[in-house]
Amino acid sequence: MSKTVDIYLPLDARPICNQTVWPVAEKQISHLCEVIRDAGWEPNVLNPEGFASSVYEGMQTIEKSSAERLIVFFAGWTYPDFVVSPLWQTPENCKKLLLGSLIPDFPGAVGLMAAAAGCSQVGMETSRCFVEDFEQHDAYSEAVSTFLETGRYDYPEQKSVEIPVSQESREKAKLVREQLSGMIYGAVGPRSMEMWNKISDADFLQYFGIARLGFDGLRLAKMAEKIDDAKAEKAMQFLMDKGMEFKLGSDPDKVLTKDMVIFQMKVYYALLELKEEFGLDFIGVQDQLDWIQHYPATDLTLGILNNKLRPDSDGNTFVSATEADDGAAVTMQVLKLLSGGEPVGFNDLRYWDSKEGLYWFVNSGALAPYFAHGSHESLEGAWSERQTPMYFKAGGGTCSAAVKKPGVATWARFSYRNNKMYLCAGRGVTDVPTEEQWLKRTERCNRDWPQWYLRLCSKIEQNLNSNHPMVVFGDYLADLKALAEQMDIPFECYDYCTPSEIKS
């Protein structure tokens with residue numbers, strides 16, 4: 001066997017993102033190549049001139065690969081199908097390592113998790129490795145060397161705790177299954193950012209008894225344009241009266257403007273109209289990438305919909321997943337039902353501090369203001385500012401918050417392996433940061449986005465086949481296991497300790 005390893009570099013469809021990340025990635029790749037050479041192998045970077053920024057470019061780049069070892073390097077957020085479809089073209093004997101940058105600056109780990117989910121769904125085996133400090137070769141040389149020599153790298157397994165299921169949990173799960181049957185889910189837009197997070201109409205019916213309706217984003221835009229300005233402005237005033245802060249300015253290229261927020265409130269009412277017209281029980285909205293090139297992001301809208309306290313509220317949350325993530329939306333709906341209607345958090349697994357055992361759940365949107373302090377009577381602690389121009393061309397804000405509601409939380413996710421659905425879940429405890437801690441953590445990690453810090457009962461990065469774990473306050477692990485039994489699908493729990501052990 002030739003001791004050459006090919007290295008493939010995918011990233012984003014937006015030139016500004018690729019231009020921003022490339023100088024950092026070049027240095028990281030240089031160190032990675034040193035580690036490979038020290039292991040007695042020769043690195044061959046397939047696209048040294050820059051990132052592949054489309055499926056087409058990815059296909060062309062992978063055609064150059066002939067080695068039996070392939071490393072896919074994630075320097076930041078990476079469109080998953082820039083990886084999955086090209087890798088599918090490689091020979092069966094080609095072993096694949098997904099290696100992600102874990103620096104807080106850019107979401108390389110998020111891109112890796114999203115791509116790993118797609119690879120898992122089509123039954124393509126990959127190993128994964130995360131690197132934070134590329135200059136510290138000793139921290140990841142063993143993982144790289146093991147992959148090169150054996151064709152695989154696995155994190156050390158930890159024994160999961162037993163999750164007993166009571167009759168009460170089984171009855172609760174049965175009720176939730178009955179509630180889901182006959183519901184209607186509305187998806188606005190196709191899959192977001194080439195992500196493998198869709199659930200087919202057939203699977204929605206077969207597994208959940210739910211009908212899936214699809215809507216074009218143009219319909220939503222046109223509906224929003226018809227909403228009266230005064231109605232949207234009144235909704236914005238409602239949010240401010242309830243304690244939410246809007247960090248407004250006049251330059252739309254740099255700051256959030258009132259016009260952006262007014263449009264986002266129009267989208268809020270347009271989605272409620274869509275809900276009423278088609279009898280929707282929960283929704284997913286694409287937002288990225290097409291929408292945000294022309295309109296303010298829907299993130300503020302979706303976060304507010306996930307809140308009980310909101311303009312013209314009926315007292316209930318209306319589950320709304322961003323990025324047209326069907327798997328996230330149905331997971332949120334399940335957690336909402338199990339928790340008796342409480343808000344459910346939409347998250348990205350952005351970063352983790354192994355020494356502290358601390359996970360940072362950070363996503364651009366759809367997190368309800370409730371999570372700031374756990375109040376259904378106030379929006380204090382939540383704010384909205386213009387999201388990062390590099391990602392959001394037309395601006396728009398989100399429901400920013402540093403989650404300061406303490407307590408046990410349950411994360412969950414419906415995922416696919418070999419095109420078969422399964423449910424995975426686990427628990428953790430919220431780490432409530434001081435203002436100083438929050439400021440320090442967000443120095444290099446999108447302060448304009450909501451942040452939720454958790455001490456989890458497992459190392460989920462090793463096994464999770466999604467970049468989007470959904471989270472609700474409370475312990476619903478046994479209920480979720482019972483639901484998986486009801487649905488006759490596999491259940492996976494990675495917890496190796498309990499929340500009480502973390503607290504102590």
Side-chain angles (χ1 to χ4, degrees), residues 5-38 43-54 57-58 61 70-80 82-83 86 97-116 128-141 143-144 147 193-194 254 288-289 348-355 359-364 387-393 439-449 451 461 467:
V5 55
D6 290 334
I7 302 175
Y8 168 51
L9 314 173
L11 202 76
D12 208 295
R14 293 163 285 198
I16 184 62
C17 298
N18 294 333
Q19 293 162 10
T20 302
V21 177
W22 183 252
V24 177
E26 276 192 306
K27 295 175 183 176
Q28 294 172 328
I29 295 161
S30 176
H31 283 287
L32 174 60
C33 287
E34 284 184 43
V35 168
I36 291 170
R37 291 190 183 98
D38 288 344
N44 175 40
V45 181
L46 297 172
N47 48 324
E49 68 287 347
F51 298 116
S53 58
S54 68
E57 283 186 22
T61 303
L70 174 65
I71 294 177
V72 183
F73 178 67
F74 298 81
W77 165 251
T78 302
Y79 285 30
F82 296 1
V83 177
L97 174 67
L98 310 181
L99 192 147
S101 167
L102 192 56
I103 62 173
D105 312 59
F106 307 120
V110 180
L112 189 157
M113 302 294 286
R128 60 182 79 174
C129 176
F130 303 92
V131 181
E132 182 164 2
D133 188 345
F134 282 80
E135 294 183 10
Q136 296 295 319
H137 294 185
D138 290 346
Y140 61 102
S141 60
V144 171
F147 166 74
M193 299 184 289
E194 309 290 348
K254 297 179 180 178
Q288 301 191 57
L289 182 64
D348 265 314
L349 176 53
R350 171 68 179 260
Y351 174 76
W352 55 91
D353 185 330
S354 298
K355 294 177 182 176
Y359 286 78
W360 299 16
F361 282 11
V362 182
N363 184 270
S364 60
Q387 299 201 69
T388 311
M390 180 173 82
Y391 297 121
F392 294 88
K393 182 178 179 181
L439 288 171
K440 184 169 182 58
R441 289 173 187 175
T442 56
E443 281 177 357
R444 296 164 53 198
C445 189
N446 293 91
R447 191 171 291 170
D448 51 309
W449 291 353
Q451 318 253 336
E461 71 276 12
N467 55 308

Mind listing the closest non-hydrogen atom pair of G100 and L112 along with its distance?
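Closest pair (atom of G100, atom of L112, distance): N-CD1, 3.2 Å.
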Of the non-hydrogen atoms in H31 and F134, which two are nearest, and what is the gap between them?
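Minimum heavy-atom contact is CB-O, 3.3 Å.
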Can you label the angle between the H137 ring and the Y140 ring as parallel, tilted or perpendicular, going by 30° and 60°?
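Ring orientation, 0 to 90° scale: perpendicular.
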Applying the side-chain contact (heavy atoms from CB on, under 4.5 Å) criterion to Q28, which one of I103, V131, V21 satisfies it?
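Testing Q28 for a side-chain contact (heavy atoms from CB on, under 4.5 Å) against I103, V131, V21 leaves exactly one candidate, I103.
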pair [X]-[Y]: side-chain heavy atoms closer than 4.5 Å:
| X | Y | value |
| --- | --- | --- |
| L349 | N467 | no |
| M113 | R128 | yes |
| T61 | P86 | no |
| W77 | C17 | no |
| R37 | P43 | yes |
| Y8 | I71 | no |
| W449 | R350 | yes |
| E132 | Y351 | yes |

Walk me through whether I29 and L9 qualify under side chain to side chain contact (heavy atoms under 4.5 Å, CB included).
CA-CA 10 Å; I29 295 161; L9 314 173; 3.6 Å; yes
For the rings on W352 and F130, is their centre-to-centre separation under 6.0 Å?
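Yes: the rings meet the under 6.0 Å criterion.
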Does the ring center of W22 lie less than 6.0 Å from the ring center of F51?
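Yes; F51 has its ring centre under 6.0 Å from that of W22.
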What distance do [X] atom [atom1] and [Y] atom [atom2] have between them, rounded to the nearest 0.5 Å?
| X | Y | atom1 | atom2 | answer |
| --- | --- | --- | --- | --- |
| L99 | F74 | CG | CZ | 9.0 Å |
| C129 | E461 | SG | CD | 11.0 Å |
| F392 | Q387 | CZ | CD | 4.0 Å |
| L97 | F73 | CG | CZ | 11.0 Å |
| I7 | C33 | CD1 | SG | 4.0 Å |
| L11 | Q19 | CG | CD | 11.5 Å |

Derivation of the side chain to side chain contact (heavy atoms under 4.5 Å, CB included) call for F82 and E194
CA-CA 8 Å; F82 296 1; E194 309 290 348; 3.9 Å; yes
Please check this pair: side chain of [X] against backbone of [Y], looking for a donor-acceptor N/O pair closer than 3.5 Å.
| X | Y | answer |
| --- | --- | --- |
| T388 | Y391 | no |
| N446 | D448 | no |
| N47 | E49 | no |
| T78 | G76 | yes |

Take N44 and D6 through the test side chain to side chain contact (heavy atoms under 4.5 Å, CB included) and record every step on the way to the result.
CA-CA 5 Å; N44 175 40; D6 290 334; 2.9 Å; yes
Pair R14 + D12, salt bridge at N-O below 4.0 Å:
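Salt bridge between R14 and D12, a charged N being under 4.0 Å from a carboxylate O: yes.
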